[in-house]
Amino acid sequence: MNDASPQTVYLQNYRPVPYLIDEVFLKFVLAPEATQVTSRLSFRPNAAAQQKGGPLDHDEFGLNQSKLINVIDSNNLARDSREKPVSAFSHPALILDGEKLELRSVSLDGETLEPSRYDLTATNLTIREVPQRPFTLEIVTLCNPKANSELSGLYVSNNVFCTQCEAEGFRRITYFYDRPDVMARYKVRIEAPLASCPVLLANGNPGQSGTIAGGDLHFAEWEDPHPKPSYLFALVAGDLALVSDTYVTRSGRKVDLRIYVEKGKEDRCAFAMEALKTSMRWDEERFGLEYDLDIFMIVAVSDFNMGAMENKGLNIFNDKYILALPETATDIDYINIESIIAHEYFHNWTGNRVTCRDWFQLCLKEGLTVFRDQEFTADIRSRAVKRIVDVKRLRADQFPEDGGPLAHPVRPSSYIEINNFYTATVYEKGAELCRMLQTLIGREAFRKAMDLYFERHDGEAATTEDFVRCMADASGRNLDQFFTWYEQAGTPEVTVSESYDAKTKTYDLSLEQVTAPTPGQSDKRPVPIPLGIGLVGPDGRDMPLDLENVGVLNAPLIELNETKKTFRFRNVARKPVLSLNRGFSAPIRIRSNSGIPEQLFLMKNDGDTFNRWEASQRAAFALIRDRLAGKTSAADTQSFITALGAVLEDGHLDDAFKALMLGLPGEQEIATLIARDVDPGAIHQAREALRAETGMGLKDVLVELWRKTESHGAYRPDPEETGRRSLRYAVLQALAGGDPALATRLAGEQLSRITNMTDEIGALSTITTLDVPEREQALADFHTRHRGDNLLIDKWFALQASAPLSTTPGRVLELMAHPDFTLTNPNRVRSLVGAFAMANPFAFHAESGEGYVILADTILALDPKNPQVAARMATALRSWATLEEKRRGLAKAQLERILGTSGLSRDLYEIVSKSLGR
Ligand code: TRP
Ligand code: ZN
């Protein structure tokens with residue numbers, strides 16, 4: 001649709017629709033290039049919107065209709081700003097959304113409408129006069145699923161018809177009020193050829209089915225009893241294999257569980273099915289939430305813009321997050337499958353039963369559902385490990401977003417293209433806000449608040465305010481100030497200063513918070529910051545927290561609500577070492593003067609596992625920063641290596657935790673901390689230097705661990721085995737830093753006797769990061785072994801794209817011409833170009849700027865086909881202004897080249913123009 005100057009949509013312009021839809025009947029006659037959709041809609045005037053005093057109030061005489069129409073139009077979030085000819089006494093027009101549709105007919109209450117009765121544009125169908133009582137509209141349209149390369153709406157993936165309607169894809173299927181506050185009951189009838197589409201699915205419970213037209217065609221009917229917004233509609237039709245199981249809910253209802261996959265992949269669904277059942281049980285136990293239909297279906301497709309989609313009763317997944325066998329999926333794949341299945345399943349209550357009033361409220365379902373899936377993983381695996389993994393992700397993805405030109409609040413107040421707001425801020429920081437609420441009001445009150453949320457809002461389209469009000473009402477706590485977290489972008493930074501008075505045994509902790517300005521928000525308010533805290537004594541034990549004017553804290557938590565505050569602790573027997581923001585209780589940055597010795601002390605002694613890990617990260621960062629500044633302290637490095645060695649040899653710590661301790665902060669994370677004149681080449685070298693020293697210094701310990709973590713017996717994706725393997729390959733990586741030849745030899749030995757993909761990728765990914773002769777043969781062997789398995793060929797592309805070698809940009813260019821490469825499959829694009837631009841700072845930021853050119857060329861070629869994915873790739877350049885001068889210029893030039901190209905999608909235009917600060 002390529003708008004010349006895309007319009008911005010504002011939260012403050014939200015208005016309810018003038019007509020509601022109660023019932024939707026959809027008939028699909030499927031054909032790849034011309035699918036006919038008949039939509040019968042039962043409308044009624046929306047009293048809430050049209051009532052005097054309501055949000056759409058008109059003037060005293062009810063005559064100012066042209067003004068009213070304009071209000072409805074802009075608030076309908078319609079992007080067509082053309083003036084509509086309106087007669088002075090008409091009622092609100094019915095303005096439906098629709099894109100890339102061919103209209104065949106419209107009829108109102110059975111009467112076909114002449115074209116003079118409606119207006120048709122590229123984005124809307126407007127019926128100027130409709131009855132002010134219930135009425136029925138029937139619309140017949142055609143769409144072309146085969147030509148749908150955007151993968152939004154109805155499309156064909158691998159000969160399977162499937163849909164993706166979030167956020168605004170339903171309007172590409174039929175004309176509709178395509179917005180989440182219009183909730184209706186759907187009945188669907190699908191007709192398709194029996195031979196090519198034996199499986200016909202839609203949301204809800206199955207109804208009648210049978211053959212038609214002498215048996216070449218058949219049909220199936222589905223009915224969803226739960227009112228839902230259009231973005232949760234789904235349809236699937238194709239020749240798919242079925243894996244089924246059953247689940248009995250805690251109230252004793254039997255639910256059919258079905259996973260549909262490409263034929264021949266049936267044996268790869270067992271883990272996904274188990275994960276589904278575990279999720280269903282967990283939601284009953286932890287949140288008292290039961291499933292509410294007789295059937296729950298998951299379909300795996302190979303072309304998908306995101307991870308998965310929570311369509312009511314019919315989740316659709318990127319097959320990467322369903323299919324797993326020990327020999328095809330890594331531990332990380334298994335963990336992702338488990339948590340994404342949980343995430344989509346949990347949406348059934350947080351998202352579907354209670355949905356969003358408008359897209360500005362996206363965090364209402366996404367932040368909350370991420371929080372729930374994080375808690376799920378924490379409960380069924382290791383809570384400590386999960387917290388560290390989530391914080392690493394927040395820091396790698398969300399902190400740079402929040403500190404750059406694309407910064408936006410968890411609840412944004414404007415957007416150009418909503419698809420650009422499925423971000424780390426909305427998802428991951430949104431989850432952190434839920435976590436802070438739970439920390440502040442306590443787990444019990446949080447659960448009460450969730451119960452209240454469902455009691456009040458079940459079946460409704462709610463707002464973020466509604467959610468926080470439940471938290472406040474259930475806990476009796478005023479959360480007005482907390483709401484700032486939802487409205488204000490940027491990562492707060494808390495500066496710490498400490499003083500200890502040995503004579504009076506008092507310890508003063510002074511904290512000051514600052515949030516740097518972000519685009520459109522120059523003045524920041526203080527936010528309430530819950531801080532987990534410990535004062536660690538010289539013996540390594542926590543001392544009591546006796547806060548002046550409060551007494552001994554029963555929970556080790558302090559709250560910084562103001563810009564500045566000093567906390568005075570009494571009866572502090574010895575000078576403590578401060579452990580602050582334990583458990584990463586708030587998504588902030590901490591600035592303190594504490595040095596490497598304090599960090600090493602906490603690394604050894606902190607009672608909070610998260611902060612033990614955090615201390616290792618701070619120490620490593622300090623050592624890398626020293627190297628960047630050209631001042632290396634051999635003594636500090638040695639102490640760090642010794643402390644790390646002690647952790648690795650500690651028999652009480654589990655393997656997964658040790659693996660995390662072995663990982664130095666990532667290059668992207670280091671760049672974010674440095675924040676200006678960033679030289680990715682220098683960062684890489686400084687980090688590699690420390691890696692080399694730790695690898696050499698710990699060589700004996702590492703070799704011993706390599707031996708001890710050898711795989712025995714059948715592959716199991718459980719926490720213990722996964723932890724063991726994560727340590728094994730962290731060890732191999734560390735060894736590669738110190739002794740590449742040895743690591744190559746060990747990896748090669750491992751590759752000669754692999755029995756599962758985790759071992760295979762673990763060994764191969766070490767060899768491929770090294771410039772060694774074995775590299776090319778190992779890659780060629782992998783391709784030969786796994787050709788024909790797309791998910792594994794994705795890994796083959798990603799391995800090469802993420803190698804931190806100076807030859808990588810050239811290799812990426814070559815691979816883009818490889819017969820297995822295609823721009824039309826998002827997984828493939830992400831595995832090559834995404835891995836290169838987003839997971840390989842050293843190679844992507846090659847001084848020559850060739851990485852930026854490769855990315856820009858790809859984005860420009862991709863945008864006309866798939867704007868969502870093109871725009872996401874473009875975020876790789878958002879931090880251009882933090883780069884050193886030369887790269888800054890080269891990166892900016894590519895952004896400007898993109899922006900100067902005509903016909904950009906709204907998606908890409910928004911990311912690139914905002915990245916350039918326009
Ligand atoms: N709601 C999906 C989720 O759980 C996200 C999603 C899937 C999506 N497909 C999409 C968002 C396409 C935008 C466009 O997280
Ligand atoms: Zn989600």
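Residues: numbered from 1 along the sequence shown. Order of listing sets the numbers, starting from 1, for every ligand and every atom in it. These numbers come from the heavy atoms of this one structure, side chains and all, not from hydrogens, waters or symmetry mates.
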S.K.: Suppose I only count heavy atoms of Lys365 and a 4.0 Å limit; which atoms of ligand 1 are within that range?
M.R.: 1 (N)
S.K.: Do me a favour and list the nearest non-hydrogen protein atom to atom 1 (N) of ligand 1 with residue, atom name and distance?
M.R.: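 Nearest neighbour among protein heavy atoms for atom 1 (N) of ligand 1, to 0.1 Å: Glu166 OE1, 2.5 Å.
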S.K.: Backbone or side chain, does any N or O of Asn419 fall under 3.5 Å from an N or O of ligand 1?
M.R.: no
S.K.: If you look at His343, which of its N/O/S atoms is nearest to the Zn ion (ligand 2)?
M.R.: NE2
S.K.: Have a look at Asn203 and tell me which of Glu223, His226, Lys228 forms a side-chain contact (heavy atoms from CB on, under 4.5 Å) with it.
M.R.: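 Testing each of Glu223, His226, Lys228 against Asn203, the sole residue satisfying side-chain contact (heavy atoms from CB on, under 4.5 Å) is Lys228.
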S.K.: Hey, can you tell me if Tyr186 and Phe176 have their rings parallel, tilted or perpendicular (30° and 60° cut-offs)?
M.R.: tilted
S.K.: Between Arg872 and Tyr422, is any side-chain donor less than 3.5 angstrom from a side-chain acceptor?
M.R.: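 No donor-acceptor contact under 3.5 Å links the two side chains.
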S.K.: Just wondering, are more than 12 heavy atoms of other shown residues or ligands nearer than 6.0 Å to NZ in Lys865?
M.R.: no
S.K.: Check Glu366 and report its N/O/S atom nearest to the Zn ion (ligand 2), by atom name.
M.R.: OE1
S.K.: Numbering the atoms of ligand 1 from 1, which are under 4.0 Å from a heavy atom of Met309?
M.R.: 1 (N), 2 (C), 7 (C)
S.K.: Tell me whether ligand 1 is touched by Asn305 - counting only heavy atoms on the residue side and a distance under 4.0 Å.
M.R.: no
S.K.: Do Gln7 and Ile416 have side chains that get closer than 4.5 Å, going by heavy atoms?
M.R.: no
S.K.: Record the part of Met306 in heavy-atom contact with ligand 1 below 4.0 Å; permitted values are side chain, backbone, both and neither.
M.R.: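 Only the side chain of Met306 comes within reach of ligand 1.
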S.K.: Looking only at heavy atoms, which two atoms of Ser414 and Tyr10 are closest? And how far apart?
M.R.: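 Shortest heavy-atom separation between Ser414 and Tyr10 comes out as CB-CD2, 3.6 Å.
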S.K.: If you count the atoms of ligand 1 from 1 in the order shown, which ones are under 4.0 Å from a heavy atom of Gln868?
M.R.: 12 (C), 14 (C)
S.K.: Against heavy atoms of Glu310, which atoms of ligand 1 measure under 4.0 Å?
M.R.: 1 (N), 2 (C), 3 (C), 4 (O)
S.K.: Pair Glu366, His347 - check side-chain hydrogen bond (donor to acceptor under 3.5 Å, both in side chains), show working.
M.R.: CA-CA 8 Å; Glu366 295 304 347; His347 268 315; 3.1 Å; yes
S.K.: Return the closest protein heavy atom for atom 3 (C) of ligand 1 as residue, atom name and distance.
M.R.: Tyr427 OH, 3.4 Å
S.K.: For the residue pair Phe446 and Phe371, does the interplanar ring angle fall in the parallel (under 30°), tilted (30 to 60°) or perpendicular (over 60°) class?
M.R.: perpendicular
S.K.: Side chains of Glu99 and Thr123: any donor to acceptor distance under 3.5 Å?
M.R.: no
S.K.: Please list, in number order, the atoms of ligand 1 under 4.0 Å from a heavy atom of Glu344.
M.R.: 3 (C), 4 (O)
S.K.: Identify the protein heavy atom lying closest to atom 7 (C) of ligand 1, giving its residue, its atom name and the separation to 0.1 Å.
M.R.: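 Ranked first by proximity to atom 7 (C) of ligand 1 is Ala308 O, 3.0 Å.
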